[in-house]
Amino acid sequence: MSSPAGPAGGPSRVLVLNSGSSSVKYQLLDMAAGPGTDSRLAAGLVERIGEGEVADHDAALRIIAAELNGQGLGLDSPELAAVGHRVVHGGTRFTEPTLITDEVVAAIEKLVPLAPLHNPANITGIKVARELRPDLPQVAVFDTAFHSTIPEHAARYAIDTGTADRYEIRRYGFHGTSHAFVSRAAAELLGKESSQVNVIVLHLGNGASASAVAGGSCVETSMGLTPLEGLVMGTRSGDLDPAVVFHLARVGGMTVDEIDTLLNKRSGLLGLCGDNDMREIGRRMAEGDKAARLAFDIYIHRLRKYIGAYTAVLGRVDAIAFTAGVGENSAAVREAALQGLETLGIEVDAVRNAVRGRAARLISTDTSRVAVAVIPTDEELEIARATYALAQR
Ligand SMILES: Nc1ncnc2c1ncn2[C@@H]1O[C@H](COP(=O)(O)OP(=O)(O)O)[C@@H](O)[C@H]1O
Ligand SMILES: CC(=O)OP(=O)(O)O
Ligand SMILES: [Mg+2]
């Protein structure tokens, strides 16, 4: 077959745009490629948006469009079936992949205050792609959607119910396409159905979140109203006493926006030691750097608290899966996070943990009651599948 075609012989390619706060990742996939075939036709990343040559997300998307054109895979291609967009915050309304209309864009715009670093970038991606191909179905796939199954007792904060309802304050959770993809892949690695296994997923990238997935449904996650809550991240604080905010305002004289910037952009690993990249922290620790060591220890301590908590939430844990930049690459983080947890049935094999690779793999011992896995995430593939499924209808 020379030109790829969908089941009905129509176009079968999907372009996925994953716009982050300072980067845009993209993939072009052929969804009609046979099972086991790599369907990725192109993939790339524009980084450091706003810092150097790339002024903003609009410029980044035009660079990507030109790059694809140059490879003969342009947005004008008749083979293109749809464009899938990662949208970080879907609020209470969007719990499924959604065909984009003007009204949907307006609704995503209304959610900007809940994800000020992410939703504006997602909206720019949608606007540029719709401008270039107004005829194509465009689908929004939400980070929050996979977490919509979290039960009320875990999703609600213990604040006044009227206030919470009025302002839609609740735990939404993020990185949902990754938690969905990785929890399913963990079940596959164990040779079981998703419905049969309970998995703790640790998505450790620049942003980081944990989730507890019971029989395929998410029951708890560490990010909350916004992507600020939970684990220690590259530049975000994760959990803290909310009174820190009052204290900084009253005693420190800081404005709400200044505190927002402090906690989202100048905290986490960066705030603790001046570096947000785990590779650099590893190098500095090897040289005996005390600030880097403490930052690492704080990061690990938080992670272990969540592993313990989610073990109690799930009752029975079949697998713990590490994913994203840090989770997939840092053997030191994985080892420290699970060290000494034999009483929980967790035994990491040091040799397996040290092996590097791109494939999903087990790093636990053969006798470990809980399987420990490293699973490369693929948010773009997950988004492409949802997009293609919706575009086919
Ligand atoms: N070889 C490595 N060892 C340790 N950490 C790594 C390695 N490669 C990448 N990382 C970490 O992964 C982070 C990026 O993760 P990624 O999932 O790509 O983040 P995001 O999608 O949030 O931008 C980097 O900031 C760095 O801390
Ligand atoms: C929601 C979120 O934190 O996303 P990212 O890790 O891409 O910043
Ligand atoms: Mg990410």
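The figures that follow rest on heavy atoms only: side chains count, while hydrogens, waters and symmetry mates do not. Both counts, for ligands and for their atoms, begin at 1 and track the order of listing.
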Test side-chain contact (heavy atoms from CB on, under 4.5 Å) on Thr226 and Tyr172 and set out the steps.
CA-CA 7 Å; Thr226 77; Tyr172 291 95; over 6 Å; no
Contact atoms of ligand 2, heavy-atom distance to [X] under 4.0 Å:
X      : value
Pro227 : 1 (C), 3 (O)
Phe174 : 1 (C)
Met223 : 3 (O)

For [atom], what is the closest protein heavy atom, and at what distance to 0.1 Å?
atom                    : value
atom 6 (O) of ligand 2  : His175 NE2, 2.7 Å
atom 23 (O) of ligand 1 : Asn206 CB, 4.0 Å
atom 3 (N) of ligand 1  : Arg279 CG, 3.4 Å
atom 17 (O) of ligand 1 : Gly325 N, 2.9 Å
atom 26 (C) of ligand 1 : Asp277 OD1, 3.4 Å
atom 4 (O) of ligand 2  : Arg86 NH2, 3.1 Å
atom 3 (O) of ligand 2  : Arg236 NH1, 2.8 Å

Could [X] and [Y] be called an ion pair, given the rule that one side-chain N must be under 4.0 Å from one carboxylate O?
X      : Y      : value
Asp277 : Arg283 : no
Glu229 : Arg170 : no
Asp297 : Arg304 : no
Asp160 : Arg166 : no
Arg171 : Glu152 : no
Arg385 : Glu380 : no
Arg284 : Glu287 : no

Would you say His118 and ligand 2 have an N/O pair spaced under 3.5 Å apart?
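In this structure, His118 places an N or O atom under 3.5 Å from an N or O of ligand 2.
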May I ask you to check if ligand 1 and [X] share an N or O to N or O distance below 3.5 Å?
X      : value
His203 : no
Leu204 : no
Lys25  : yes
Met278 : yes

Relative to atom 7 (C) of ligand 1, which among Leu270, Ile281, Asn329, Leu45 owns the nearest non-hydrogen atom?
Asn329
Heavy-atom distances under 4.0 Å are what count here, so tell me which part of Lys25 touches ligand 2: side chain, backbone, both or neither.
neither
What part of Met233, side chain, backbone, both or neither, has a heavy atom within less than 4.0 angstrom of ligand 2?
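The answer is neither; Met233 stays 4.0 Å or more away.
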Near-ring test Phe174/His203, centroid separation under 6.0 angstrom
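Centroid distance His203-Phe174: not below 6.0 Å, so no.
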Inter- and intrachain pairs under side-chain hydrogen bond (donor to acceptor under 3.5 Å, both in side chains), touching residues 360-376, at least two apart:
Glu347-Thr365, Glu347-Thr367, Arg352-Asp366, Thr365-Thr367
Any side-chain heavy-atom pair of Asp143 and Val87 under 4.5 Å
no
Going by heavy atoms, is Gly20 under 4.0 Å from ligand 1?
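In this structure, Gly20 fails to qualify as a contact of ligand 1 - no heavy atom is under 4.0 Å.
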Partner residues of His179 under the side chain to side chain donor-acceptor pair (under 3.5 Å) criterion, sequence neighbours left out:
Ser209, Ser211
Per-atom contacts, ligand 1 versus [X] - under 4.0 Å to a heavy atom:
X      : value
Gly207 : 22 (O)
Ala324 : 17 (O)
Arg356 : 1 (N)
Val326 : 11 (C), 12 (O), 27 (O)

Per the side-chain contact (heavy atoms from CB on, under 4.5 Å) rule, which among Val16, Thr177, Val141 passes with Glu379?
Thr177
Between Asn122 (side chain) and Val88 (backbone), is there a donor-acceptor pair under 3.5 Å?
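Side chain of Asn122 to backbone of Val88, a donor-acceptor pair under 3.5 Å: yes, one is there.
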